[in-house]
There are 2 protein chains.
Amino acid sequence: MLPLGRGESGQGEYGLLWGDRPRPGRGRPSGLTRERIVAEAVAIADAEGLQKVSMKHLADRLGSGVMSLYRHVPGKDELVILMYDSLMAGPVTVPEADHWRDVLIGWGRSVRDLFQAHPWALPVATGDRPMGPHEAGWVDQILGRLTAVGMPPATGLIAVLTVDCFALGAVRPEIGGSAESTADFFRFLADPANTGRFPHLARVAADIRPDDPVEDHFEFGLHRVVDGLQQYIEARQ
Amino acid sequence: MLPLGRGESGQGEYGLLWGDRPRPGRGRPSGLTRERIVAEAVAIADAEGLQKVSMKHLADRLGSGVMSLYRHVPGKDELVILMYDSLMAGPVTVPEADHWRDVLIGWGRSVRDLFQAHPWALPVATGDRPMGPHEAGWVDQILGRLTAVGMPPATGLIAVLTVDCFALGAVRPEIGGSAESTADFFRFLADPANTGRFPHLARVAADIRPDDPVEDHFEFGLHRVVDGLQQYIEARQ
DNA sequence: GATCGATGCGTATGAGATACGCTATTAAGC
DNA sequence: GCTTAATAGCGTATCTCATACGCATCGATC
């Protein structure tokens, strides 16, 4: 959560996230819409990477002129913010559960799934950005699910934050071709030439086993985090 | 960990991270060095943000021509990778401790401190990048500290990864002017106009207290993560 | 001192974001 | 129907950047 800028107050240029744009009566109706622009930009980023989202490329895809886009979004930076927030439109998909523990596990996996589907969004998420309405909606929904199974709201918020933070940090190695790279790295460490340089890493690399938790460290970590939260909560009751 | 590219094998352009460059006997000795370039780039990013690190700006600071830089780094993208890895040169600063628990806590705080000092590095860390030698060195050192106080190496690795992931995800709200923004956000939620839109968040916002864990959610989460790890490890013994 | 191999760097190129201003289009009011 | 105001679409120009290319320069080696 960073600058908010609802309406024209605050950061100004971020009013685009929260501001309700009035429907104009007069004037030419717009063929382009912000929604269409943002959706197409997300499609490009998903398929070709965020780097390939240029105003020109985007305009070509939409069959419009480059400068037309600026009638609907203030600039490229703001577009990226809108792209990110748009990912969290729609309902959170967390399986039904009777215990908050399982809700949190499901939430962590949802976050992972989101970033796996849109790898470009991870650096955006960790950059300086305002919290958008769709993101807030997601958090609100998951909070609702937690309170519905008996968790106090304030506790729910901190729990959601903690799981969210872990998921955000842990999803990077899950993205793209990292699995092979990790294996590559361990092979590299096993090479005698490098054993001396990183002795402790080399020792681990030497006796890694297929059933080792490193192999699925997202699930491993997720359960440890939830365990830790459970221990805290139960101790307070 | 992504493409490694040690030497010329693998990704090619990332050989710059691991490759030992030969000292040339002949030819003009270089006034510029990769180290100086990277250090100056880091200084710019720290002071003005990563966006302001342009080859021109950098060259001006170094008193050299723009194209001279390309004799020492292949390009801008690679420079950023080098900048990131350079942050982890030098020893890890984790206080002495007798129990692995405190080592992990100290490690988590070190990671936080690093990104607080260099906020631009967070999106770099979460982007697609190879693991560099300095980063590997950091992990190796902390692994050594853990094994020194009796933790099995394989367990140590997964524990370090888990804490690292949490810290990486949790450090963003700690950066820059986020504290005020969070407060702003809660004020926003308290506004009756928004209560209906995010009912659960609004309820929490209404009764947040100064001593609430949300106020220092990094420390809170860090301890929960380590609690969870401890529970797992003790259960296996 | 001649040579070779590396560095320093000016210039040119091309991509990208975006300010400006003109034109086209439509609803509202007459 | 005609005028007018408000808005969308967008071509052009400009500015910032990264970087390919090639020449000039410099020093250690021979």
Side-chain angles (χ1 to χ4, degrees), chain A residues 12-16 19-41 44-45 48-83 120 123-124 127, chain B residues 12-16 19-38 40-41 44-45 48-84 120 123-124 127:
Chain A
E13 64 183 1
Y14 290 124
L16 86 166
D20 298 310
R21 284 161 295 153
R23 299 255 158 252
R26 297 218 242 193
R28 191 183 193 168
S30 56
L32 284 175
T33 63
R34 177 176 288 180
E35 288 67 30
R36 226 160 61 81
I37 292 172
V38 171
E40 193 67 34
I44 294 173
E48 310 173 52
L50 189 57
Q51 214 178 5
K52 285 290 180 62
V53 178
S54 72
M55 298 309 259
K56 168 125 183 53
H57 190 174
L58 183 52
D60 287 349
R61 288 278 205 109
L62 291 163
S64 78
V66 176
M67 291 314 292
S68 306
L69 303 177
Y70 288 87
R71 291 279 178 202
H72 302 272
V73 295
K76 174 93 183 274
D77 292 349
E78 293 82 356
L79 173 63
V80 173
I81 303 285
L82 287 167
M83 287 168 65
W120 55 268
V124 178
Chain B
E13 66 183 357
Y14 289 124
L16 87 165
D20 297 311
R21 284 163 295 151
R23 300 255 160 250
R26 300 221 235 192
R28 191 184 195 169
S30 55
L32 283 176
T33 62
R34 179 177 286 179
E35 287 66 31
R36 231 163 55 85
I37 292 171
V38 171
E40 192 66 35
I44 295 173
E48 310 174 53
L50 188 58
Q51 214 177 4
K52 286 290 180 61
V53 179
S54 73
M55 299 308 261
K56 166 124 183 55
H57 191 175
L58 184 51
D60 287 349
R61 289 278 205 108
L62 291 163
S64 77
V66 176
M67 291 314 293
S68 305
L69 304 177
Y70 288 89
R71 290 280 178 204
H72 302 273
V73 294
K76 173 93 182 274
D77 292 347
E78 293 83 356
L79 173 62
V80 173
I81 302 284
L82 287 168
M83 288 167 65
Y84 178 72
W120 55 268
V124 178

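Here is how names work: the chains are called A, B, and so on, in the same order as the sequence lines, proteins then strands, and each is numbered from 1.
Whole-Å rounding puts the B:K56 NZ to C:dT13 P distance at 20 Å. The distance between atom NE2 of B:H57 and atom P of D:dC17, rounded to the nearest whole Å, is 10 Å. In this structure, A:L58 atom CG and D:dG9 atom C1' are separated by 15 Å, rounded to whole Å. Residue B:H72 contributes atom NE2, which lies 18 Å from atom C1' of D:dA18 at whole-angstrom precision. In this structure, NZ of B:K52 is placed 18 Å from C1' of D:dA18, rounded to the nearest angstrom.
Base engagement by B:S68 is indicated by at least one non-hydrogen atom pair under 4.0 Å involving a base atom.
Of the candidates D:dG9, C:dC20, C:dG10, C:dG10 carries the atom nearest the B:M67 side chain, counting heavy atoms from C-beta on. Between C:dG21, D:dA18, C:dG8, one nucleotide has an atom nearer to the side chain of A:R71 than all others, and that is C:dG21. Here D:dA18 is the nucleotide among C:dT18, D:dC10, D:dA18 with the atom lying nearest to any side-chain atom of B:K76.
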**Prompt:** Between B:I37 and B:L82, does a side-chain contact (heavy atoms from CB on, under 4.5 Å) hold up when you go through it step by step?
**Reply:** CA-CA 10 Å; B:I37 292 171; B:L82 287 168; over 6 Å; no
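Annotation: of the two residues near DNA chain C, B:G63 and A:Y70, the 5′-most nearest-nucleotide partner is B:G63.
Side chain of B:S54 to main chain of B:H57: a donor-acceptor pair is present (N/O by atom type, distance under 3.5 Å, no hydrogens or angles).
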